[in-house]
> 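Take this structure, written in structure tokens, and hold onto it; I'll ask about it next.
Here is how names work: the chains are called A, B, and so on, in the same order as the sequence lines, proteins then strands, and each is numbered from 1.
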There are 2 protein chains.
Amino acid sequence: MRLSKRGEYGLRAMIALAEPAENSSAPQMMQIKEIALREQISAKFLEQILLALKNAGMLHSKMGVGGGYYLARSANEITLGQIFRVLDGPVAPVKCVSQMAYEPCGCPDEETCGLRLVMGDVRNAVSDILDHTSLADVIKRQNTIRKNPGV
Amino acid sequence: MRLSKRGEYGLRAMIALAEPAENSSAPQMMQIKEIALREQISAKFLEQILLALKNAGMLHSKMGVGGGYYLARSANEITLGQIFRVLDGPVAPVKCVSQMAYEPCGCPDEETCGLRLVMGDVRNAVSDILDHTSLADVIKRQNTIRKNPGV
DNA sequence: CATAAAGTATATTAGTATTATAGACTTTAT
DNA sequence: ATAAAGTCTATAATACTAATATACTTTATG
């Protein structure tokens, strides 16, 4: 049930990009180096990750001097589930309960396979969380705790 | 968020061992070969898995002619969570929210790290399911569906 | 228009994990 | 004594992970 470094770094980067810029209300633009430094990630590795997120349509970028990455949609329209799936693949613990990558798992009767039923519950529980938590939700939650320490 | 083959096979085997024997009410004893054949698993691979479960105290065995494996406790005292952890390690997606294998993940402030908060929710959701589902529950659920097809 | 900053793209590598397979050993029923 | 069955450890093949390297493209700006 592990989140890969790739997934972890990608999620951290997206959260960083969702954090409101100091003075502007425009979408926050950040450079790879900037994010890598702040989150203590290898810049070269992060590069690949951001590129994957860009190719998946979740980030836009600007090339050349003064360029960088910024969210393709507003922070409350991007869920952690979307990001996770791009970087780490399906949420389902076994293929036979996957919505995005179903494959039979070879048990004689899938309908009554007890393991499959439970793993289906797990899949639903996890995707309930990830698909209903937007980047904006994450920022909100961080801020709530910062204002209310120790709760 | 994948369940390894090791974990999958182990869970399948434990469920098979929890299924009540035909005529006896004694704990079901089965041989490696028997389980491997029925679940379509490499017998040699299953051997290692069952041994690990035995060393973790979840199975007992009888050596020699007519030997085999049987559950060390009754089916309603063994949860999928226990089995999972023996074979696949901690349930937590990141170490910094693990109960059984905590390790800091290096973010500047763990208390207000948004990713950590969400991953904590995921961990809790998954362990809620796995730790509250016993082998007996799985059998029960299978039987319910078998008697009530299409529900 | 040359240059440097920044993203794009692909290949390669070192290490680790996964999924087995193999073989020798121990225990036990008959 | 023998064969059936679990025990134990090593090894192999493959895939995946995390990272690094290198060459290329775009763009702002002096």
> Tell me: CD of B:E8 to P of C:dT18, nearest whole Å?
14 Å
> Would you kindly give the NZ-to-C1' distance between B:K33 and D:dA3, to the nearest whole Å?
10 Å
> Please give, in whole Å, the distance from C:dA9 P to A:L53 CG?
14 Å
> Applying the Watson-Crick and G-U wobble criteria at under 3.5 Å, what pairs with C:dG23? Answer none if nothing qualifies.
D:dC8
> Tell me which nucleotide among C:dA9, C:dA6, D:dG6 gets nearest to the side chain of A:L51.
C:dA9
> Considering only heavy atoms from C-beta outward, does the side chain of B:M14 approach that of B:M58 to under 4.5 Å?
yes
> Can you see if the side chain of B:S4 gets near the phosphate of C:dA17 - specifically, an N or O under 4.0 Å from OP1 or OP2?
no
> Using atom types as modelled and distance alone, determine if a side-chain donor or acceptor of A:D137 lies under 3.5 Å from a backbone N or O of A:S134.
yes
> Where do B:F84 and B:L3 come nearest, in terms of heavy atoms and distance?
CE1-CD1, 3.5 Å
> Rounded to whole Å, please give me the gap between CG in B:L59 and P in D:dT7.
9 Å
> Measure from the side-chain N and O atoms of A:E8 to the backbone N and O of A:K5, and report whether any donor-acceptor pair falls under 3.5 Å.
no
> Send over the distance from A:Y69 OH to C:dA5 P, rounded to a whole Å.
18 Å
> Starting at CD1 of B:I49 and ending at C1' of D:dT7, how long is that distance when rounded to a whole Å?
15 Å
> Just jot down the salt bridge (charged side-chain N to carboxylate O under 4.0 Å, His left out) partners of B:E39, sequence neighbours excluded, or say none.
none
> Sub-3.5 Å donor-acceptor pair from the side chain of B:R123 to the main-chain atoms of B:V91, do we have one?
no
> Treat primed atoms plus P, OP1 and OP2 as sugar-phosphate and everything else as base, then score nucleotides 20-30 of chain C 5' to 3': B for base contact with protein heavy atoms under 4.0 Å, S for sugar-phosphate contact only, - for none.
BBBB--BBBB-
> Quickly work out the B:I32 CD1 to D:dC8 C1' distance and round it to whole Å.
12 Å
> Tell me the salt bridge (Lys or Arg N to Asp or Glu O under 4.0 Å) pairs involving residues 70-89 of chain A, sequence neighbours left out?
A:R85-A:D131
> In this structure, how many angstroms lie between the C1' atom of D:dT7 and the CD atom of B:Q31, rounded?
15 Å
> Checking all strands, does B:L50 fall into the base, sugar-phosphate, or nothing category for heavy-atom contacts under 4.0 angstrom?
nothing
